[in-house]
Amino acid sequence: MTDWHESDEFWSAFGGGMFDDAAWEAAASQVEDIVALLGATPGARVLDLCCGPGRHSLALADLGYRVLGVDRTEAFLEEARRRADEAGLDVDLAHADMREFVEPGAFDFAINVNTSFGYFRDAADDRRVLSHVLESLKPGGRALLELAGKEVIARIFQARDWTESSGEFLLYERHIEDDWSWIRNRWIRVELDERQEFEVEHRLYAASELKGLFTEVGFRDVSAYGGLDGSPYDQAAKRLVVVGSRP
């Protein structure tokens, strides 16, 4: 059975809602926050791991960064190529599984955003991904992960909710498992006489847990924030952002 994150049908069904006009419009300001938090200067080489259709890759290229976007969904890469061509932007793109991708010592910075981490039942795969990110950085290079932290999810948790957009309904049901280390979701898309349903699961990380994983694989100067703006990871945090450096 194909895992949800490897299903082209899933990304086709829900990608439009995830990467709608509002999400594209937000990318430029998010990238401004990202480069400020990383201390990145234009001209640096950046890895955008799990780049999707290229929202942040294109925004980085527009600011003068040399970007490689990596994703396993070819349809997203095709969209990223099309948008880059239309905008006259030079963005390199690669089709690869995040567990397999590594390019030793090639990047000044690496980013993985929009809860694109922790998809795998075997926690060793998460360690493998982070180890490859570390190996892909130059000495002194920095990596940034941005996701929904366990503490934030616990604060805002809803067992069920739904949204409506462009004539389709998206329904969500959530279950917490394994002592708050895993979340299992039912995502249902309904449009006229069409209905699609998927189980969407991923690991939940507390800030201390994700910082610990960064440190275990070899990152140094690891910090956690409550958003890409560098705000504290406290009771008001909206996201979990962890940044670490390669020695």
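Not measured: the values here are computed from a predicted model. Excluded from the calculations below are hydrogen atoms, water molecules and symmetry mates; all remaining heavy atoms, backbone and side chain alike, are included.
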Which ring-ring contact (aromatic ring centres under 6.0 Å, His included) pairs, counting each pair once, include a residue from residues 89-110, with sequence neighbours left out?
none
Applying a strict under-4.5 Å side-chain criterion to I, L, V, M, F, W and Y, I'd like to know whether Val67 and Val102 cluster together.
no
Examine Tyr205 and Ile156 and state if one hydrophobic cluster contains both, with Ile, Leu, Val, Met, Phe, Trp and Tyr joined whenever side-chain heavy atoms are less than 4.5 Å apart.
yes
Counting distance only, does the side-chain N/O of Asn185 pair as donor-acceptor with the main-chain N or O of Val200 below 3.5 Å?
yes
Roughly how far apart are Asp92 CG and Ser57 OG, rounded to 0.5 Å?
10.0 Å
I'd like to check Asn112 versus Val133 (side-chain heavy atoms, cut-off strictly below 4.5 Å). Are they in contact?
no
Derivation and outcome, salt bridge (Lys or Arg N to Asp or Glu O under 4.0 Å), residues Glu79 and Arg55
CA-CA 10 Å; Glu79 181 178 354; Arg55 293 186 304 136; over 6 Å; no
With a 4.0 Å cut-off, would you call Arg45 and Asp108 a salt bridge?
no
Check for a donor-acceptor pair, side chain of Arg142 on one end and backbone N or O of Leu37 on the other, with a separation under 3.5 Å.
yes
Is Asp161 salt-bridged to Arg174, cutoff N-O under 4.0 Å?
yes
Of Phe198, Phe14, Trp4, which is the lone residue that meets ring pair (Phe, Tyr, Trp, His ring centres under 6.0 Å) with Trp187?
Phe14
For Glu199, check side-chain hydrogen bond (donor to acceptor under 3.5 Å, both in side chains) against everything at least two apart and list the hits.
none
Supply the atom-to-atom distance Leu147 CG to Leu240 CG, rounded to the nearest 0.5 angstrom.
5.0 Å
Indicate the atoms forming the closest heavy-atom contact of Ala80 with Leu93, along with that distance.
CB-CD1, 3.7 Å
Is there a path from Phe120 to Val70 through hydrophobic residues (I, L, V, M, F, W, Y) whose side chains come within less than 4.5 Å of each other?
yes
Counting C-beta onward and ignoring hydrogens, is there a side-chain heavy-atom pair between Val31 and Asp62 closer than 4.5 Å?
no
Please check this pair: side chain of Glu146 against backbone of Val241, looking for a donor-acceptor N/O pair closer than 3.5 Å.
no
Do Met98 and Arg72 come close enough that some side-chain heavy atom pair is under 4.5 Å?
no
Contact summary for Gln196 and Ala13, nearest pair of heavy atoms:
OE1-CB, 3.4 Å
Tell me whether the count of non-hydrogen atoms from other residues, nucleotides or ligands lying under 6.0 Å of CG in Asp178 goes above 12.
yes
Atom pairs and distances, donor-acceptor, side-chain atoms in residues 223-236, under 3.5 Å, two or more places apart:
{"residue": "Asp229", "atom": "OD1", "partner": "Ser231", "partner atom": "N", "Å": "3.1"}
{"residue": "Asp229", "atom": "OD1", "partner": "Ser231", "partner atom": "OG", "Å": "2.9"}
{"residue": "Tyr233", "atom": "OH", "partner": "Glu151", "partner atom": "OE1", "Å": "2.5"}
{"residue": "Asp234", "atom": "OD1", "partner": "Ala236", "partner atom": "N", "Å": "3.0"}

Are any of the side-chain heavy atoms of Val113 and Ile34 separated by less than 4.5 Å?
yes
State, with a plain yes or no, whether a side-chain heavy atom of Glu74 is found less than 4.5 Å away from one of Leu77.
yes
Reference residue Arg184; test side-chain hydrogen bond (donor to acceptor under 3.5 Å, both in side chains); the match among Glu173, Glu201, Glu177:
Glu177
Please find out if less than 6.0 Å separates the ring center of Phe10 from that of His5.
no
Taking only distance into account, with no hydrogens and no angle test, what donor-acceptor pairs under 3.5 Å do side-chain atoms of residues 213-220 form with protein atoms, sequence neighbours excluded?
{"residue": "Thr215", "atom": "OG1", "partner": "Lys211", "partner atom": "O", "Å": "3.1"}
{"residue": "Glu216", "atom": "OE1", "partner": "Arg127", "partner atom": "NH1", "Å": "3.1"}
{"residue": "Arg220", "atom": "NH1", "partner": "Gly218", "partner atom": "O", "Å": "3.3"}

Looking at Arg128 and Glu100, is any side-chain nitrogen of the basic one under 4.0 Å from a carboxylate oxygen of the acidic one?
yes
For the residue pair Glu168 and Leu170, what are the closest heavy atoms and their distance?
OE2-CD2, 3.9 Å
Please determine whether a side-chain nitrogen of the Lys or Arg among Glu86 and Arg82 lies less than 4.0 Å from a carboxylate oxygen of the Asp or Glu.
yes
Donor-acceptor pair, side chain of Thr115 and main chain of Ala148, under 3.5 angstrom
yes
Once rounded to the nearest 0.5 Å, what's the spacing between atom CG of Leu89 and atom CG of Leu63?
10.0 Å
Are the side chain of Arg160 and the backbone N or O of Tyr172 linked by a donor-acceptor pair below 3.5 Å?
no
Would you say Leu210 ends up clustered with Ile153 if hydrophobic residues are merged whenever their side chains have heavy atoms under 4.5 Å apart, either directly or through other cluster members?
no
How would you list, by chain and number, every residue that makes a salt bridge (Lys or Arg N to Asp or Glu O under 4.0 Å) with Glu191, sequence neighbours excluded?
Arg189
Leu49 reachable from Met18 in the ILVMFWY side-chain graph, under 4.5 Å edges:
yes
Do the non-hydrogen side-chain atoms of Lys238 and Val152 ever get within less than 4.5 Å of each other?
no
Any side-chain heavy atom of Asp97 within less than 4.5 Å of one from Glu6?
yes
A quick test of your reading: do over 12 heavy atoms of other residues, nucleotides or ligands sit less than 6.0 Å from CG of Asp122?
yes
Identify the heavy atoms of Ala27 and Ala59 that sit nearest to each other, and give their distance.
O-CB, 4.2 Å
Ser181 side chain near Leu204 side chain, heavy-atom distance below 4.5 Å
no
Quick one: name the residues clustered hydrophobically with Leu171, using the 4.5 Å side-chain heavy-atom rule over I, L, V, M, F, W, Y, and just say none if it's on its own.
Trp162, Phe169, Ile188, Val190
Would you please classify the geometry between the Tyr119 ring and the Trp11 ring as parallel, tilted or perpendicular, with 30° and 60° separating the classes?
tilted
